[in-house]
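To start, the structure under review is shown below, and the notes come after it.
We count ligands from 1, going down the list as the structure has it; atoms in each ligand are counted the same way.
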Amino acid sequence: MAKDKRDYEDFSIDPAAQEMLSRADKLGVDTAFSRADELSPCNIGGAGMCCKICGMGPCRLTKDGQTGVCGATIDTIQARNFIRAIAAGAAAHSDHGRDLAFTLKAVANDETEGYYIRDVAKLRIVAASYGINIEKRSPEEIANDLADLYISQFGQQRGKVACVIRAPKNRQKLWEDQGVMPRGVDREIVESLHRTHIGDDQDPEHILRHAIRTALSDGWGGSLIATDISDILFGTPAPILGQANLGVLKEDMVNVVVHGHEPTLSQMVVAASQDPEIIEYAKAAGAKGVNLSGICCTANEILMRQGIPAAGNFLHQELAILTGAVEAMVVDVQCIMQALVKLAEKFHTKVITTSPKVKIKGAVHIEFDEHRALTIAKQILRTAIDNYKNRGDIQIPKAVEDLIPGFSHEYINYMLGGTYRASFRPLNDAIMTGRIRGVAAIVGCNNPRSKQDYLHTYVTKELLKNDVLIVETGCGAIASAKLGLMLGESGLDQVGPGLKEICETIGIPPVLHMGSCVDNSRILTVLTQMVEEGGLGNDIDQIPAVGLAPEWMSEKALSIGTYCVASGAYVIFGGSSPISGMPDRVSDSDIVLRYISEGWEKLYGGKMEFIADPDEMIRRTLAHIDKKRSELGLPAYNPEKFGKSGDRKILAFEKMSIEEQRASLYGFAAH
Ligand code: SF4
Ligand code: MSK
């Protein structure tokens with residue numbers, strides 16, 4: 001056992017996680033939590049001060065003014081490391097979008113099994129926004145053209161990625177003026193790799209300018225395409241009741257956990273699990289049926305659309321297997337720990353890889369192909385059912401919370417104004433009056449180097465008390481769900497007076513679950529619609545809004561943060577900075593850090609900062625929101641002004657005498 005091993009309460013605030021970590025110790029198995037304690041991070045690589053781009057290195061710059069063998073300075077090395085991470089993150093999101101574009105093409109041409117176009121209205125709106133003819137054409141014809149347009153965005157060499165027309169006009173002009181308009185998704189990612197090869201771009205600011213362009217090709221390209229097509233094929237999310245945490249696993253059913261990111265397979269597994277033939281097969285195996293749940297963003301995809309429960313976020317993937325009750329963990333792409341296979345060997349769980357891009361030694365590989373999607377989904381479920389008889393000792397934590405996910409930007413628009421006057425006006429008005437102080441998007445991963453869910457939920461709760469409306473995606477959303485912040489009444493006692501009134505009036509939870517990591521594109525759309533609605537400036541950087549990734553760990557998070565900055569947002573990352581440098585040892589090692597903050601703010605109005613202390617994150621978030629309010633000429637935030645309407649008014653009214661009620665209604669006591 002490591003010398004400075006943390007207690008279970010230090011590993012996670014989630015009682016289900018604490019219970020499973022205790023079980024792991026009893027069974028003598030390790031997890032990401034214990035491995036994080038065993039394995040100290042490298043303080044040179046962790047600070048972005050190591051270059052291993054060529055065979056003359058690796059060069060570790062630990063002394064003041066030191067350079068690599070080729071003469072590369074610390075700021076060049078940090079900028080190169082940073083853009084490479086952003087390129088990898090953008091590639092992951094965008095390849096996800098590309099696969100969906102090919103699926104849409106196949107569905108349009110009747111080449112798939114089990115898929116169809118579920119949201120024809122969204123298909124028509126999206127297609128029309130690009131000038132695709134939608135009149136007197138079948139959904140399949142329109143989808144075929146939209147798929148061709150979207151597929152072409154990846155390999156496009158000139159011009160601009162089509163989706164950028166959905167950004168505010170002023171923002172598009174700024175990108176043109178700065179020379180960062182993304183031309184094609186693949187082109188920007190490839191150029192990032194070319195520029196950072198030995199002997200290429202060595203001006204850190206010049207490298208970081210291309211980081212902006214690369215990230216924009218993700219946020220306003222690959223990710224936005226992924227979200228659009230997922231909605232068209234699987235339905236645009238609307239509020240639905242769901243559940244979260246390991247307590248969603250069932251003792252008497254075959255538990256299948258889908259994990260990863262792409263909805264294409266998981267949606268089909270959902271369909272297959274409800275097939276009478278599969279239910280009968282499960283019953284014949286002695287189970288009551290198949291119980292499906294999700295981990296990470298695959299969880300978010302099926303939770304948002306079908307209400308399929310989320311077993312947990314990133315750090316729950318091993319914990320789910322530790323219950324002993326999971327017959328199969330079906331994975332596709334991204335955020336899948338290799339450790340799952342070794343851990344699963346201690347139990348009966350089968351880890352099933354399904355993507356042609358992802359194999360793990362020791363896992364069962366059942367390759368997914370959308371042309372035979374339903375057949376493959378049933379094969380996967382039969383494999384899980386056949387494994388039910390091998391189940392040994394199980395321990396399923398009781399922890400489970402209800403939640404209402406499903407707040408797509410389309411639904412937010414509708415909920416604020418109804419079918420005939422859907423609008424962001426009420427939201428803008430609430431911010432303008434100060435009833436809502438501002439908006440925060442809290443997104444991103446879990447990281448075993450911090451206490452699981454603690455930073456997410458601490459920051460979320462403190463901002464809610466300050467009347468900041470919160471939207472969430474990814475593992476951050478699942479953290480809030482597990483804490484019960486995504487269900488109206490249970491969350492509202494933790495909310496400031498003005499925001500509470502809004503939540504009660506509209507009937508929404510104070511934290512809105514907007515989906516998976518690629519669905520951060522929905523947040524960009526919401527911000528654009530807020531600009532277009534008027535009253536909050538004429539570009540995203542003027543809105544009192546902040547983005548936070550308190551427990552980030554993936555390269556995708558860095559890409560998301562960068563495209564949000566390029567779109568005008570202030571973005572705060574928690575945990576450690578990958579480009580912190582060591583100021584006590586290398587005097588010029590904060591050039592990159594200063595550039596992505598002050599430098600980017602001058603150019604794009606948004607900035608990126610890494611802040612480890614959660615109270616400082618909150619302080620800077622509120623300071624930024626208040627600064628933006630003041631710049632817009634909005635009244636300063638004053639919580640005393642609000643909180644006297646809504647449910648409190650009704651409760652006070654009920655306690656009054658008849659005379660008092662009359663006086664309150666008519667302004668005088670009628671006789
Ligand atoms: Fe060292 Fe330069 Fe090669 Fe990097 S590119 S490993 S700094 S020699
Ligand atoms: S799954 S990228 S751990 S949010 Fe999107 Fe969660 Fe981060 Fe993966």
Taken by chain and residue number, the protein N/O/S atoms under 2.8 Å from atom 4 (Fe) of ligand 1 read C51 SG

Looking just at side-chain N and O atoms, do N245 and H316 make a donor-acceptor pair shorter than 3.5 Å? yes

So ring pair (Phe, Tyr, Trp, His ring centres under 6.0 Å) across residues 200-220, not counting sequence neighbours, yields W175-W220

Residue pairs meeting ring pair (Phe, Tyr, Trp, His ring centres under 6.0 Å), one or both in residues 32-64, sequence neighbours left out, come to F11-F33

- request: Check step by step if side-chain hydrogen bond (donor to acceptor under 3.5 Å, both in side chains) holds for Y595 and D75.
  value: CA-CA 10 Å; Y595 184 70; D75 44 321; over 6 Å; no

TODO: Would you please say whether a donor-acceptor pair under 3.5 Å links the side chains of T353 and H365?
DONE: yes

Below 4.0 angstrom, N of the basic side chain to O of the carboxylate: do R195 and D203 qualify?
no

Q: State whether K359 and E367 are salt-bridged, where the test is any N-O pair (Lys NZ or Arg NE/NH1/NH2 against Asp/Glu carboxylate O) under 4.0 Å.
A: no

At a cut-off of 2.8 Å, protein N/O/S around atom 5 (Fe) of ligand 2 gives H261 NE2, C297 SG, C517 SG

Q) Would D218 and K556 pass as an ion pair if we require N to O under 4.0 Å? A) no

Numbered in order shown, the ligand 2 atoms found under 4.0 Å of a heavy atom of G444 are 4 (S)

query: Between N313 and Q452, do the side chains contain an N or O donor and an N or O acceptor separated by less than 3.5 Å?
result: yes

A student checking ligand 2 against M553 at a 4.0 Å heavy-atom cut-off should list atoms 3 (S)

Quiz prompt | Beyond-backbone contact of E551 with C475, side-chain heavy atoms, under 4.5 angstrom | solution = no

